[in-house]
Protein chains: 2
Amino acid sequence: MSTIKDVARLAGVSVSTVSRVLNNSKPVNSDVRDRVLIAIDELGYRPNSVARTLVNKKSQLIGVVIPDIDNPFFSALVRGVEEEAKKKGYSILLCNTGGDLEQEIQYLDILKEKYAAGVVFLTARVQDEHVSFFRESKTPVVFACQPENLTGGFSSVAIDDFRAAYEGTSYLIKREHKNIGFVSGPLSDSSSGVLRVEGFKQALIDNGIDFRSEWLYEGNYRYRSGYTGGLKILQQLERPTAIFCANDEMAVGLLSAARELDLSVPEKLSVLGFDDTVMAEIVNPKLTTIRQPICAIGKYSAHTLIGEIEGGVEKQHLLLEYEIVERGSCKSI
Amino acid sequence: MSTIKDVARLAGVSVSTVSRVLNNSKPVNSDVRDRVLIAIDELGYRPNSVARTLVNKKSQLIGVVIPDIDNPFFSALVRGVEEEAKKKGYSILLCNTGGDLEQEIQYLDILKEKYAAGVVFLTARVQDEHVSFFRESKTPVVFACQPENLTGGFSSVAIDDFRAAYEGTSYLIKREHKNIGFVSGPLSDSSSGVLRVEGFKQALIDNGIDFRSEWLYEGNYRYRSGYTGGLKILQQLERPTAIFCANDEMAVGLLSAARELDLSVPEKLSVLGFDDTVMAEIVNPKLTTIRQPICAIGKYSAHTLIGEIEGGVEKQHLLLEYEIVERGSCKSI
DNA sequence: TTGTACGCGTTATCAC
DNA sequence: GTGATAACGCGTACAA
């Protein structure tokens with residue numbers, strides 16, 4: 001492995017000159033520049049990024065902190081981040097936290113000690129600990145899938161969860177559903193989850209439909225809770241003709257519950273999902289769902305982040321487009 | 001951020017002494033050790049890993065190179081690697097390659113320049129370029145899901161794909177199926193894929209059943225190819241009573257094809273999957289499949305790797321257990 | 001425009 | 001046992 005010194009020697013110049021052509025940090029005579037370039041090429045020289053990091057106090061690493069890589073929603077986000085980062089010469093340090101605050105902080109410390117250039121952060125709720133870390137360490141960060149007002153002043157990329165849920169509900173109402181249930185995410189801390197219930201409720205109100213709390217089930221985004229919620233809601237004397245789930249995984253669980261209760265979907269029950277992850281397509285009936293451009297959220301998160309890292313671009317809040325994709329799980333009554 | 005010098009000053013010792021208590025590299029008097037420890041605590045000092053890496057030429061980074069993080073099979077593996085690595089103080093550099101050799105090599109170069117301690121590698125086929133990289137750079141590596149004889153002498157963690165496919169086929173045969181189709185992975189380069197077809201064929205032979213090439217479809221592990229393969233096989237004049245798919249995703253695609261052709265599963269057609277990823281459970285009917293302990297493969301890969309990194313443990317080939325998990329997609333005839 | 005020399009935070013080799 | 005000091009590979013004032 002050749003170093004900058006080898007290049008300097010071969011080109012007959014000093015290391016500083018080599019450094020200058022490497023970084024375009026100062027003007028260099030074109031003939032010497034050529035000599036250096038040739039030497040670099042000849043030696044197959046590549047600057048040592050560790051040494052660089054040590055002096056610059058900034059690496060080419062981007063931390064991606066998420067609750068669970070083994071969840072299609074998060075892995076799609078990571079893929080988006082990775083693609084964009086790779087394009088710009090950054091690598092991904094994967095921080096899998098299980099949604100645990102302690103682990104999040106632990107990883108944040110690791111990122112700091114490795115001089116990570118920035119981090120894309122997806123958490124159920126932005127906590128004071130997070131905010132103060134980013135403030136103190138001055139590490140650029142963008143929060144993914146987080147409502148603008150909860151990011152502590154940092155950048156974010158998301159969709160408008162309130163409006164998306166509002167429109168999803170409207171979609172159901174337009175199809176003559178007046179009895180609509182809702183399986184939500186955790187309402188205590190999942191901020192975008194709260195937005196979705198609120199969008200749902202608002203749509204009900206605006207259409208003169210009463211909200212029925214017995215048809216609201218607070219799940220946790222997992223298959224199991226969709227199943228349980230479905231059982232809870234559908235076994236009541238009076239049951240809704242449609243249920244809106246705050247994500248696809250729960251919707252799929254709900255499908256199982258409906259099947260178990262012999263309620264055919266969509267004939268007897270319409271089911272509307274959220275996210276449009278891979279499972280929406282493979283389940284039977286295929287899920288009508290609100291598509292959230294997860295991979296794009298990852299891409300734009302990375303893009304925004306790198307903008308802040310390199311260009312000193314201003315903090316910003318991006319809202320991406322969602323859309324209702326109609327498949328087989330909803331029908332008019 | 002305090003450095004080793006600050007600690008040395010505060011403790012009234014030299015930096016070398018601090019370094020020694022940090023690394024237990026040489027004996028230190030217990031009273032001075034205590035002073036150092038106190039100083040460390042007082043300053044909240046944490047050794048700078050970048051500087052460490054620069055002098056040791058070895059970081060605490062483990063590269064995980066896979067084709068696609070947004071695929072439940074690979075993401076499960078990554079989760080396993082991450083868990084084990086985190087436990088041992090290593091972090092994960094995620095290398096998403098799209099299965100492209102050029103990108104694999106590109107990432108390998110990045111890993112080298114970052115002084116990665118080792119890499120967990122999952123690729124369709126181990127190529128000469130891979131092997132020579134690991135030989136020359138002396139970077140420890142373990143290949144995941146790769147047949148022992150194709151790892152170029154490096155460690156590996158996998159299951160016995162041949163036997164697993166053999167047993168899967170036997171499972172079908174025991175249930176009186178004599179006409180069995182097979183949807184395979186790519187046969188040109190996916191080595192474990194080849195093993196699975198061979199296990200399938202061998203089971204046929206050992207049971208006196210003819211192999212019918214028209215019932216073999218070469219897919220690519222994706223949903224779409226399972227669907228297409230299903231159509232191809234099931235629209236023939238004579239069709240099998242059971243089809244074995246080399247992974248779950250294709251099995252799910254096959255399910256769609258069967259539904260489209262009005263062949264109810266498992267009544268008219270038994271379908272056997274492979275892997276037991278999340279989708280096996282959410283599809284209807286639920287998939288009977290051969291469970292491969294993907295997450296554990298990740299864990300053991302990391303464990304083996306770290307053993308080689310730290311202990312100079314010998315190269316080894318681990319074969320983990322698989323099992324047939326019976327759900328609703330297969331029946332006796 | 002170019003070169004010298006020092007610093008980034010550690011570890012390791014040497015003397016003491 | 002302990003303490004200087006030279007690496008590790010690079011960027012950058014500063015001097016020329």
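In what follows, chains carry the letters A, B, and so on, assigned in the order in which the sequence lines appear, proteins first and then strands, with residues in each chain numbered from 1. Reckoned from all heavy atoms, side chains included, excluding hydrogens, waters and symmetry mates. Bear in mind that the values here come from a model prediction, so they are computed numbers and not experimental data.
When rounded to the nearest whole Å, the span between NZ of Lys114(A) and P of dT10(C) equals 13 Å. Atom OH in Tyr45(B) sits roughly 7 Å away from atom C1' in dT10(C) (whole-Å rounding). With rounding to whole Å, Lys57(B) atom NZ is found 14 Å from dA7(D) atom P. In this structure, CZ of Arg9(A) is placed 12 Å from P of dC10(D), rounded to the nearest angstrom. When the P atom of dG1(D) is taken as reference, atom CG of Asn24(B) falls 14 Å away, rounded to whole Å. Leu43(B) places its CG atom 14 Å from the P atom of dG9(C), with the value rounded to the nearest Å. Rounded to whole Å, atom C1' of dT10(C) lies 10 Å from atom CG of Leu22(B). For the pair Asp6(B) CG and dC8(C) P, the interatomic distance rounds to 10 Å; values are reported in whole Å.
Ring pair His130(A)/Phe121(A) is tilted by interplanar angle, where 30° to 60° counts as tilted.
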Donor-acceptor pairs under 3.5 Å, side chain of residues 144-151 of chain B to any protein atom, not counting sequence neighbours: which ones?
residue, atom, partner, partner atom, Å
Gln146(B), OE1, Ser191(B), OG, 2.6
Gln146(B), NE2, Thr123(B), O, 3.0
Thr151(B), OG1, Glu148(B), O, 3.2
Thr151(B), OG1, Phe154(B), O, 2.8

>> Walk me through whether Arg46(B) and Glu113(A) qualify under salt bridge (Lys or Arg N to Asp or Glu O under 4.0 Å).
In response: CA-CA 8 Å; Arg46(B) 297 187 42 155; Glu113(A) 97 175 10; 2.7 Å; yes
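The phosphate of dT10(C) (OP1 or OP2) has no side-chain N or O of Tyr115(B) nearer than 4.0 angstrom. The side chain of Asn23(A) places an N or O atom within less than 4.0 Å of a non-bridging phosphate oxygen (OP1 or OP2) of dG11(D).
Nearest heavy atom pair, residue Ile306(B) against residue Ala85(B), reads CD1-CA, 4.2 Å.
Interatomic distance, Asp41(B) CG to Asp34(B) CG, rounded to the nearest 0.5 Å: 12.0 Å. Taken from CD in Glu82(A) to SG in Cys295(A), the straight-line distance is 10.0 Å, to the nearest 0.5 Å.
When each of Arg35(B) and Arg52(A) is assigned the nucleotide of DNA chain D bearing its nearest heavy atom, the one mapping closer to the 5' terminus is Arg35(B). Nearer the 5' end of DNA chain D, as judged by each residue's closest nucleotide, is the contact made by Leu54(B), out of Asn56(A) and Leu54(B).
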Under 3.5 Å, N/O pairs linking protein and nucleotides 1-4 of chain C:
residue, atom, partner, partner atom, Å
dT1(C), O3', Asn29(A), ND2, 3.3
dT2(C), OP1, Asn29(A), ND2, 3.4
dT2(C), OP2, Asn29(A), N, 2.7
dG3(C), OP2, Ser14(A), N, 3.0
dG3(C), OP2, Ser14(A), OG, 3.2
dG3(C), OP2, Thr17(A), OG1, 2.7
dG3(C), N7, Ser16(A), OG, 3.4
dG3(C), N7, Arg20(A), NH1, 3.3
dG3(C), N7, Arg20(A), NH2, 3.4
dG3(C), O6, Arg20(A), NH2, 2.5
dT4(C), O4, Ser16(A), OG, 3.2

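With sequence neighbours excluded, the residues forming a side chain to side chain contact (heavy atoms under 4.5 Å, CB included) with Ser2(A) are Asp6(A), Leu43(A), Tyr45(A), listed by chain and number.
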